[in-house]
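First comes the structure, then the notes that go with it.
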Amino acid sequence: MQTQTARIRRWGGRVGHFGILAAFTTFCTFPFYWMLITTFKQTNELIDSNINPFILHNPPTLENLRILFVDTLYGQWMLNTLIVGVAVVAITLLVAVPAGYSLARLSGRWGQQLAIGIFLTYLIPPTILFIPFSRIVGNLGLQDSLWSLVLVYPSFTVPFCTWLMMGFFKTIPRDIEEAAMIDGLSRFGAFLKVVVPISTAGILTVVIFTFTLVMQEFVYALTFITSSSQYTVSVGVPTFLVRGDVYFWGSLMGACLIVSLPIAILYNLFVDRFVAGFTVGAIK
Amino acid sequence: MQTISRNTISKGGRGHFLEDEKWLGRFMLAPAVIYIVALVGLPFLLAIYYSLSDVTVGSRSLHFVGMDNFRHILDSNTFWRSLRNTLVFTLVSQLLVVVLGNILAMALYKNFRGKWLVRFLILLPWVAPISLGSIGWLWIFDPVYSVINWSGRALGIFAPTTWPIWLGQPNLAMASVIMVDVWRLLPLSTVIILAGLSSIPQDIHDAAAVDGIGFWRRLFQITLPLLMPIMLVALLFGIVFTVTDMIVIYVLTRGGPYDTTQVLSSLAFFTGIQGGDLAEGAAISLFLFPLLVAVAILFLTLARRTEVT
């Protein structure tokens, strides 16, 4: 009797575990499945509400992807996003990595306060800043230029990545630098030659995170950029594939899927580091 | 987690280094501080200045009008409705995110085959650009071709001729945008809580198992209290992302129907950029800032205080 109830309970637990995972996975991925299937559907199939929409009834069409790559500047937008992304990543690394180290090691009590202050700048959202920025960008003559985005995007990547790097450096044992300094390196030398090389994972996390933020950004790009050849993906796609009331659903869904998947794969490799940096900074 | 007590060690012994290090620290920090002051601090002050003026998109000159914009805002019903919507939107979605995030993190904590695949799939909503993910949902909620409604009709839940217009009916529209926000933020909260779970030492679970403590007691008296600091951090980020974001609402409902999903950040955008009234837009957008700062300080203090070492 005893073993049988135990077995039933264990079975129940396993089924429940599987059920929970299945439900959550469905919730999280259904929109992507939906994008995938919509991308390859013909338009007349999309608007036929009598047939089962979950599967393809006609052979998959490449027309939606053709519209995306031939009739819109999707390729150009991806290139723009990449250019802005690389430039912003470079600026962020140069600024945030030393700052994170300084906050983790070289500053005392006021460093703590400053770290919280840097975090608090994260609470000033683009929805507050884009109004003054639209004037600043105009006065600098940068409107409609990718450089406006390169200038402005570090305003949200730098605070966050400083915070991430600070958390990351705090997890590195001090002995490592102290040993290097006893061997005759200066503090800065120890930072460059010892700490940075063993922090590759943290730095890659910053790179990926910055790039994701750049790709996601919408409000600034919508406000500063008006000509189609300068758009980034997140603004170009909704602007050009929604014409009044006409939505090019197939192409929209394809566009979304193509940019999401590669980043998701990269992200998955670094998620643990990323989370560690995220939380250590806040708690310690 | 291992470096807690190191601070005390480095203080002693290297007097002559200290001066240098102070300056080095400042030097390494300076670029970040300058960037933040120039590109967050100054525009922020400019936003405050605008909110006290009568600047519009077209105007070149601006006049100081004191608190007029704020008075005008406080008189408008749309503002109060948006404030209420912001609170409902944030509280409900974050409550759901924390509860669901805990359940999902505990399910993912166990070892099973294909775990990396499940984690990869669950991270997708967080990684996809928000504007594009929201467009995916726009298509799912389509008034005519909604897949939810098709399934409902096929299962006989909805009548063949009448069905819900997800984004067109006040309460449903709010429920829909909350759902999309939960969808987007659940992955982040889950991975953060999962990291917290992994950092709980195994001996604690073992000790509880030896003492024969049941699942629910263990959950509420051991696991959740130990998770509290990290959950507060997850919650703080969730609140910040939700309150300051306008993309989900901009794409899905534009604040409609009848402003029932209008939140402060979207209202600021529509007033300031589309309506051209920069001053009032700035005033609206500034409204939640003091509240956010208070929430952040409270949460960070709580997180530090409740940390069990």
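What you see below is based on every heavy atom in this structure, not just the backbone, and it leaves out hydrogens, waters and symmetry mates. Each chain gets a letter, A, B and so on, in the order the sequences are listed, and its residues count up from 1.
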For the candidates B:Leu104, B:Ile122, B:Thr244, which exhibits the highest count of non-hydrogen atom pairs separated by less than 4.5 Å from chain A?
B:Leu104

Which of the residues B:Arg119, B:Met246, B:Met179 is involved in the greatest number of heavy-atom pairs with chain A at under 4.5 angstrom?
B:Arg119

Quick one: what part of B:Phe299 sits under 4.5 Å from any heavy atom of chain A, side chain, backbone, both or neither?
neither

Atom group of B:Asp245 that falls short of 4.5 Å from chain A, counting heavy atoms
neither

On a heavy-atom basis, which atom in B:Pro43 and which in A:Pro132 lie closest, and how many Å separate them?
O-CG, 3.2 Å

Flag side-chain contact, heavy atom, 4.5 Å: A:Phe24 against B:Leu186:
yes

For residues A:Pro154 and B:Leu39, determine if any side-chain heavy atom of one lies less than 4.5 Å from a side-chain heavy atom of the other.
no

Run the numbers on A:Ile91 and B:Tyr35 for side chain to side chain contact (heavy atoms under 4.5 Å, CB included), then give the verdict.
CA-CA 10 Å; A:Ile91 294 175; B:Tyr35 216 116; 3.9 Å; yes

Verdict with reasoning, A:Leu261 to B:Val127, per side chain to side chain contact (heavy atoms under 4.5 Å, CB included)
CA-CA 8 Å; A:Leu261 284 182; B:Val127 179; over 6 Å; no

Check the pair B:Trp183 / A:Phe32 against ring pair (Phe, Tyr, Trp, His ring centres under 6.0 Å), numbers first and verdict last.
CA-CA 12 Å; B:Trp183 174 77; A:Phe32 294 97; 5.8 Å; yes

Among the options A:Tyr101, A:Phe130, A:Phe30, A:Trp34, pick out the one with the most heavy-atom pairs lying under 4.5 Å from chain B.
A:Trp34

Max heavy-atom pair count under 4.5 Å with chain B, selected residue of A:Thr223, A:Ile265, A:Thr162
A:Ile265

In terms of heavy-atom proximity below 4.5 Å to chain B, should A:Leu151 be classed as side chain, backbone, both, or neither?
both

Would one find more than 12 heavy atoms of other residues, nucleotides or ligands at under 6.0 Å from atom OH of A:Tyr33?
yes

Just how far is it from atom CD1 of A:Ile128 to atom OH of B:Tyr50, taken to the nearest 0.5 Å?
14.5 Å

